[in-house]
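Take a look at the structure set out below.
Fair warning: this is a prediction, and the values are worked out from it, not measured in the lab.
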Amino acid sequence: MSRRAQSGVRPTHWMGLIAILAVVGGGGFALMHRSTDAMTGVTELSASEFMENATALSGNEYKVEGVVDDRLDNWRSADGRLFSLQISDGAGNTYLPVWVPPDYKGANIQRRQRYIFKVRVMETGVLEVLELIKA
């Protein structure tokens, strides 16, 4: 009596199926955990243009990235917080005034940390923080 060949799934089939599942699972994970820039489409603030005539930019919104240098300590906390933001560009370092309103509910700002800010230029030439992301 002759033996019948075993029918079934070969090990190479299993390995191919596992490879396909790994690729599909990895792609799904990448799609679910991708990050988006909340400030896409916001114009970058030119530090030199701001320093030349800040009041001409008043009312406009910009994106600015820099390191928080220091906080003005004698500023009343009920009026918000005022920081100096160090911007590094080709001309060297520029320090800009950044004001966080008292009702701002975003992340806490710490000295010597790099942030990306969405700001509005006020009539006084101070940058009002609308949003921020720690860079």
Side-chain angles (χ1 to χ4, degrees):
M1 180 183 249
S2 65
R3 296 184 136 204
R4 294 177 107 194
Q6 288 185 351
S7 62
V9 181
R10 294 187 177 143
T12 55
H13 291 140
W14 282 111
M15 290 182 356
L17 181 63
I18 290 171
I20 290 171
L21 289 175
V23 168
V24 170
F29 181 82
L31 284 174
M32 296 297 290
H33 292 88
R34 66 180 177 196
S35 63
T36 58
D37 184 5
M39 296 182 201
T40 301
V42 181
T43 305
E44 187 83 25
L45 177 68
S46 167
S48 61
E49 188 178 333
F50 178 83
M51 295 304 284
E52 186 176 308
N53 193 0
T55 56
L57 303 175
S58 66
N60 296 328
E61 294 181 3
Y62 297 96
K63 175 171 73 169
V64 62
E65 181 175 351
V67 176
V68 173
D69 179 55
D70 207 358
R71 184 182 77 169
L72 188 60
D73 288 328
N74 59 353
W75 189 270
R76 289 183 1 170
S77 61
D79 294 332
R81 294 174 292 159
L82 188 64
F83 294 93
S84 65
L85 184 66
Q86 179 183 355
I87 308 296
S88 298
D89 56 7
N93 292 331
T94 305
Y95 294 89
L96 305 178
V98 177
W99 176 67
V100 180
D103 59 346
Y104 182 75
K105 301 293 185 210
N108 286 335
I109 298 175
Q110 300 174 358
R111 293 180 184 125
R112 309 289 181 242
Q113 298 293 316
R114 178 171 290 280
Y115 294 94
I116 302 171
F117 294 93
K118 180 178 179 183
V119 296
R120 177 180 25 243
V121 182
M122 299 169 53
E123 302 94 27
T124 58
V126 175
L127 303 173
E128 176 186 7
V129 174
L130 302 175
E131 295 178 42
L132 69 93
I133 301 170
K134 187 171 180 181

message = Check for me, please, whether I133 and V64 land in the same ILVMFWY cluster - side-chain distances under 4.5 Å, paths through other members count.
response = no
key: From S58 atom OG to R120 atom CZ, the distance as rounded to the nearest 0.5 Å   = 11.0 Å
ask   = Would a hydrophobic clustering, with Ile, Leu, Val, Met, Phe, Trp and Tyr connected at side-chain separations under 4.5 Å, put L72 with V119?
value = no
key: Closest non-hydrogen atom pair, A54 against G125   = CB-CA, 3.9 Å
task = For side-chain contact (heavy atoms from CB on, under 4.5 Å), just list the numbers for K63 and I116, CA-CA rounded to whole Å, side-chain angles, deciding distance to a tenth of an Å, and then say yes or no.
result = CA-CA 7 Å; K63 175 171 73 169; I116 302 171; 3.7 Å; yes
Linked, directly or transitively: V126 and M51 (ILVMFWY side chains, under 4.5 Å) = no
ask   = Do other residues, nucleotides or ligands put more than 12 heavy atoms under 6.0 Å from E52 CD?
value = no
note = In this structure, CZ of R81 is separated from CH2 of W99 (nearest 0.5 Å) by 11.0 Å
query = side-chain hydrogen bond (donor to acceptor under 3.5 Å, both in side chains) between T55 and N53: does it pass, once the steps are laid out?
reply = CA-CA 6 Å; T55 56; N53 193 0; 3.1 Å; yes
query = So, does R112 use its side chain to make a donor-acceptor pair with the main chain of D69 at under 3.5 Å?
reply = yes
ask   = Got V68 and Q110 here, is their nearest side-chain heavy-atom distance under 4.5 Å?
value = no
ask   = Roughly how far, to the nearest 0.5 Å, is NZ of K134 from CD of Q113?
value = 4.0 Å
key: Gap separating the CZ atom of F50 from the CG atom of L45, nearest 0.5 angstrom   = 6.5 Å
ask   = Tell me, do I87 and N93 make a side-chain contact under 4.5 Å, heavy atoms counted?
value = no
key: Rounded distance [0.5 Å steps], CG in L85 versus CD in E65   = 9.5 Å
key: I109 with Y95, same ILVMFWY side-chain cluster at under 4.5 Å   = no
query = Cluster question for you: counting only ILVMFWY and a side-chain heavy-atom cut-off of under 4.5 Å, with indirect links fine, are Y104 and L127 together?
reply = yes
ask   = CD/E128 to CD/E61 distance, rounded to the nearest 0.5 angstrom?
value = 9.0 Å
request  = Please report the C-alpha distance between S84 and D70 in whole Å, then the side-chain angles of each, then the deciding distance to 0.1 Å, and finally whether the side-chain hydrogen bond (donor to acceptor under 3.5 Å, both in side chains) criterion is met.
outcome  = CA-CA 5 Å; S84 65; D70 207 358; 5.9 Å; no
